Amino acid sequence: MIARAVVRQLIESNLRRALERAEFALHYQPKLDLDSGTITGVEALLRWDHPEWGLVAPERVIHIAEECGLVVPLGRWVLREACAQAVRWRDSGVAPVSIAVNVSAMEFRNRDFFDHALAIFEATGADPACLQLELTESVLMRDVAASACLLAKSKAMGVEIAVDDFGTGYSSLSYLNKFPIDVLKIDQSFVRAIDGNASSNGAIVSAVIGMGRSLRQRVIAEGIENAAQLDFLKLHGCGEGQGYFFSRPIDAARMGTMLLARA
Ligand code: G
Ligand code: MN
């Protein structure tokens, strides 16, 4: 117990220091319109480059931050940085681009989430319409009434709502009508299954695409890694995609260059 407490303390103090010393960075991965190949937006992904430990996986960072109660300041840093980047890109001549930010459970449940987001938009001068919040099903379903209220307020401001890792969380579909959802992001695991060899592979992907169409929600396939997956997705009418096949997450400067080059 003592050893664990010491490790935790060590990680916690390192996280605090990282927030102060700007060891975090956001990298960006483009999302593409599968028909035209143009960039429809980017997803901001957290990177922690620790001076001694090297790159720490984002899932670990979030996990540790949740354990030591730092997830709220960390999430706030991510949102602020994404908004500041939107403004920097705008000022350097990049046409308005949607930036998606992942919101973790504890962050979303924090009472002040909305007010802080509002304050960040005001402080940075970013247009809320350029921001998309990615929430997982389990986060949305934990407190349906509270989620509905928060989503309505965010939507009213112009922020878009995406369901991340769709299909892996809560299996109730009734919420799809209750919440003002703009985008369904098909989880990578389903995309990976497309070019496997079971006859049912790809079935979930095509079902989600059909569902999104009926519900008038945009569908984005995550984790596209090869041409076979892309062909299948296009054939089944998937609107947008994201994955290593197009680009890995890249730093803001490289992303900016890519965005400037877009038609
Ligand atoms: O939970 P979420 O969907 O936000 O996770 C995104 C994660 O998936 C990021 O860590 C990102 O680097 C990773 N990722 C993005 N594209 C691909 C891909 O094509 N293949 C794999 N294996 N991972 C990807
Ligand atoms: Mn995501």
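The structure displayed is predicted, hence computed values, not measured ones. Start at 1 and go down the list; that is how both ligands and their atoms are numbered. If you read the sequence from its start, that first residue is 1, and numbering goes on from there.
Ion pairing between a basic and an acidic side chain is recognised when a charged N comes within 4.0 Å of a carboxylate O; E160 and R218 show such pairing. Between D182 and K155, at least one side-chain N (NZ, or NE/NH1/NH2) sits under 4.0 Å from a carboxylate O, which counts as a salt bridge. With respect to R17 and E12, no salt bridge is recorded, no charged nitrogen being found less than 4.0 Å from a carboxylate O.
In terms of polar-atom proximity, defined here as any N/O pair under 3.5 Å, E59 makes no such contact with ligand 1.
Counting heavy atoms closer than 4.0 Å to ligand 1, residue R248 contributes nothing at all. Counting heavy atoms under 4.0 Å from ligand 1, residue K185 does not touch it at all. The residue Q242 has no part lying near ligand 1, judged by heavy-atom distances below 4.0 Å.
Among the backbone and side-chain atoms of D165, no N/O/S atom is found under 2.8 Å from the Mn ion (ligand 2). Using a cut-off of 2.8 Å, one finds that E222 contributes no N/O/S atom close to the Mn ion (ligand 2).
Residue contact check: Q29 has heavy atoms under 4.0 Å from atoms 15 (C), 16 (N) of ligand 1. Every atom of ligand 1 is numbered from 1 in the order shown, and the set under 4.0 Å from a heavy atom of G243 is 16 (N), 19 (O). Below 4.0 Å from some heavy atom of I224 lie the following atoms of ligand 1, by number and element: 19 (O). Ligand-side atoms of ligand 1 in range of E222: 2 (P), 3 (O), range being under 4.0 angstrom from any heavy atom.
Note that K185 lies outside the cation-pi zone of F166, set by a 6.0 Å cut-off to the ring centre and a 45° limit from the axis.
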Taking it one step at a time, do Q29 and E43 satisfy side-chain hydrogen bond (donor to acceptor under 3.5 Å, both in side chains)?
CA-CA 5 Å; Q29 189 177 37; E43 177 174 0; over 6 Å; no

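When the Mn ion (ligand 2) is compared with the N/O/S atoms of E134, atom OE1 turns out nearest.
Ring geometry for Y175 versus F179: interplanar angle of 30 to 60°, hence tilted.
Heavy-atom minimum distance, E107 versus R76: OE2-N, 4.3 Å.
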